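Note that the structure is predicted; figures quoted are calculated from it, not measured. Just so you know, these numbers use all the heavy atoms, side chains as well, and skip hydrogens, waters and symmetry mates.
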Amino acid sequence: MHTTAGAVDGGIVGRIRALLPDLPEAQRTTAALILDDPAAAARMTILDLADACGVSTGSITRFCRTLALPGYSALRLALASDTGRSEQETWQANIGRDISEKDDIRLVASAISAGVRHAVGATLAAIDLDAVEQAASAIARARRVEICGAGGSGSMGAEFQQRVYRIGVPAWSWSDTQVALTGAALLGPDDVLLALSHSGRTREVTDLAAEAASRGATTVAVVGDLDSPLARRVDLVLATTVPDDGPGHHTVLSRHAQMAVLDLLYIAIAQRTYDQSTEAMAATSEAVRPYKHE
């Protein structure tokens, strides 16, 4: 008894991939071409596919029956369905479920606004303010501050480093893991490592925190998962809160939540180094003034 295309577990592409090693040579050629570009294969007629594979139309029909499909039309429908689902999943993974490719730009702006407000508000309402104050005090008096993060978190860390460096905090941020490990290995009890990771499961960031901790440095993490390996390894956790069901894409909104925490931390540091900060800000503003356009 034949099943319908939609009944094939994991989609037709997954079914073809699973059966590929056991297929006869002619069918294996057909399967390989389909797997290479399922969307293009879905647009082909049976004659087009047979010519592209160098096989007969009968071979294509037998391939369909191997897949428990009644014929080539069912295969095309299944491939089209898989392609559409894959594209939708890719879109949702990178953009979010609340914004479609057809939405008016005003709706997009509204969704982003709501998502950012939600993520920032939830984060600042739930954050451990005592931990923020302890982290700010440690950074304000530190001999050296190392900041680490990977991907988007690394960019956030680099921006934070520029901000605190401008107010006289001896801070460094590295994009190279080996260089960062070297820096962490040189830290001591008077130093701080600030680690950024939304998941808290980025191996290199967790390893950097562990290395710094082994040297006696104070370790701080801005992290979205309190049960993550990174959160469990550091002295102070500054948690972001981005609900999975909030408006917008979770990963994108996590950056806004991270920035809100870093803004709070930056101001707390500046408060604790008021004289140094105001003097440094004045000096740096004057240094770059000739290069700024009015």
Side-chain angles (χ1 to χ4, degrees), residues 1-112 114-115 150-152 198-203 224-225 228 242-255:
M1 177 178 174
H2 294 300
T3 61
T4 63
V8 179
D9 292 340
I12 195 65
V13 171
R15 176 70 171 156
I16 293 171
R17 187 173 288 113
L19 291 175
L20 182 62
D22 300 321
L23 292 174
E25 183 176 351
Q27 293 186 23
R28 203 158 50 238
T29 300
T30 302
L33 187 144
I34 290 173
L35 291 174
D36 185 56
D37 192 345
R43 294 189 292 269
M44 291 182 177
T45 67
I46 190 170
L47 289 174
D48 292 334
L49 184 60
D51 287 344
C53 297
V55 299
S56 67
T57 56
S59 176
I60 302 294
T61 300
R62 287 190 291 275
F63 175 65
C64 294
R65 290 174 179 164
T66 299
L67 296 173
L69 297 173
Y72 185 63
S73 294
L75 175 60
R76 290 185 69 183
L77 287 173
L79 288 171
S81 176
D82 259 24
T83 300
R85 181 168 60 248
S86 176
E87 290 174 350
Q88 186 64 20
E89 289 172 351
T90 299
W91 175 272
Q92 291 177 356
N94 290 275
I95 304 297
R97 296 179 179 275
D98 300 291
I99 301 173
S100 80
E101 74 279 12
K102 297 178 181 179
D103 280 344
D104 179 84
I105 194 65
R106 292 170 183 80
L107 291 176
V108 174
S110 178
I112 292 173
H198 176 60
S199 70
R201 289 174 167 76
T202 305
R203 179 181 173 183
D225 185 351
S228 64
V242 185
D244 290 329
D245 60 350
H249 181 240
H250 195 265
T251 303
V252 173
L253 296 181
S254 71
R255 302 288 176 255

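In this view, D22 satisfies the salt bridge (Lys or Arg N to Asp or Glu O under 4.0 Å) rule with no residue, not counting sequence neighbours.
C64 and Y72 make their closest contact through SG-CA, 3.6 Å (heavy atoms, listed as atom of the first residue, atom of the second, distance). Contact record, G152 with R255: CA-NE, 3.5 Å, taken as the closest heavy-atom pair. Of all heavy-atom pairs between R28 and P21, the closest is NH1-O, 4.3 Å.
For the atom pair CG (L35) and OG1 (T30), the distance works out to 10.5 Å, reported to the nearest 0.5 Å. Atom-to-atom distance recorded for L79:CG and M44:CE is 10.5 Å, nearest 0.5 angstrom. Taken from CD1 in I16 to OG1 in T66, the straight-line distance is 10.5 Å, to the nearest 0.5 Å. Taken from CG in L20 to CD in Q27, the straight-line distance is 11.0 Å, to the nearest 0.5 Å. One finds the CZ atom of R62 at 12.5 Å from the CG atom of L23 (value rounded to the nearest 0.5 Å). Taking CD1 from I46 and CZ from R76, the interatomic distance works out to 10.0 Å, rounded to the nearest 0.5 Å.
Annotation for R201: atom CZ counts as buried by contact number, over 12 foreign heavy atoms lying within 6.0 Å.
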Result block: side-chain N/O donor-acceptor pairs under 3.5 angstrom for residues 49-58, not counting sequence neighbours:
from : atom 1 : to  : atom 2 : distance (Å)
S56  : OG     : G58 : N      : 3.4
S56  : OG     : S59 : N      : 3.1

Set out, in order, the CA-CA distance, both residues' side-chain angles and the distance that settles side-chain contact (heavy atoms from CB on, under 4.5 Å) for I12 and I34, then state yes or no.
CA-CA 10 Å; I12 195 65; I34 290 173; over 6 Å; no
